[in-house]
Amino acid sequence: QVQLAESGGGLVQPGGSLSLSCAASGIIFRVSTMDWYRHVPGKERELVASITCPGRTDHADSVNGRFTISRDNAKNTVTLQMNSLKPEDTAVYYCHAATYNYWGQGTQVTVSS
């Protein structure tokens, strides 16, 4: 059974930091490109960051320099470190195993004072 379990969301003040983690099971994690998406109701889902098997990363312009994606193939986890958070970063964040097209259940991130 495939499972992508996100954790680490919550409420944070503008300028603060959060670290999202996604633990994968039921897939060969090390061969899958892993992504983080976010979704705000009424808007299209946005690809936030992506990391390939060898570790090449790509970040959306809207988060470049503030967010960092990383992976630990030994622990089957992918992490999104989010710094200098802004209210417009408020969304549900989803982990995605691109090679298998599997999604996590999402975790809410709210940036508000």
Do you see a donor-acceptor pair shorter than 3.5 Å between the side chains of Glu88 and Ser62? no
Hey, is the main chain of [Y] close enough, under 3.5 Å, to the side chain of [X] for a donor-acceptor pair?
{"X": "Arg66", "Y": "Ser84", "answer": "yes"}
{"X": "Thr90", "Y": "Pro87", "answer": "yes"}
{"X": "His59", "Y": "Ile69", "answer": "yes"}

Quick check: is [Y] connected to [X] through a chain of hydrophobic side chains (ILVMFWY, heavy atoms under 4.5 Å apart)?
{"X": "Tyr37", "Y": "Leu85", "answer": "no"}
{"X": "Trp103", "Y": "Leu80", "answer": "no"}
{"X": "Val31", "Y": "Val2", "answer": "yes"}
{"X": "Val63", "Y": "Val78", "answer": "yes"}
{"X": "Tyr102", "Y": "Phe29", "answer": "yes"}

Using a cut-off of 6.0 Å, state whether more than 12 heavy atoms not belonging to Ile28 lie near its atom CD1. no
Inter-residue atom distance [X].[atom1] - [Y].[atom2], 0.5 Å rounding:
{"X": "Gln3", "Y": "Gln105", "atom1": "CD", "atom2": "CD", "value": "7.5 Å"}
{"X": "Asp35", "Y": "Thr52", "atom1": "CG", "atom2": "OG1", "value": "10.5 Å"}
{"X": "Arg45", "Y": "His39", "atom1": "CZ", "atom2": "NE2", "value": "7.5 Å"}
{"X": "His96", "Y": "Met34", "atom1": "NE2", "atom2": "CE", "value": "8.5 Å"}
{"X": "Thr110", "Y": "Leu11", "atom1": "OG1", "atom2": "CG", "value": "6.0 Å"}
{"X": "Cys22", "Y": "Asn76", "atom1": "SG", "atom2": "CG", "value": "10.0 Å"}

Do [X] and [Y] have side chains that approach each other closer than 4.5 Å (heavy atoms only, starting at C-beta)?
{"X": "Leu20", "Y": "Glu6", "answer": "no"}
{"X": "Val109", "Y": "Met82", "answer": "yes"}
{"X": "Trp36", "Y": "Cys95", "answer": "yes"}

Contact summary for [X] and [Y], nearest pair of heavy atoms:
{"X": "Ala91", "Y": "Val40", "result": "CB-CG2, 3.7 Å"}
{"X": "Ile51", "Y": "Arg71", "result": "O-NH1, 3.4 Å"}
{"X": "Ser32", "Y": "Thr99", "result": "CA-OG1, 3.2 Å"}
{"X": "Ile27", "Y": "Ala97", "result": "CD1-CB, 3.9 Å"}
{"X": "Cys53", "Y": "Thr33", "result": "SG-N, 4.1 Å"}

When the ring planes of Tyr93 and Phe67 are compared, do they come out parallel, tilted or perpendicular, using 30° and 60° as the limits? tilted
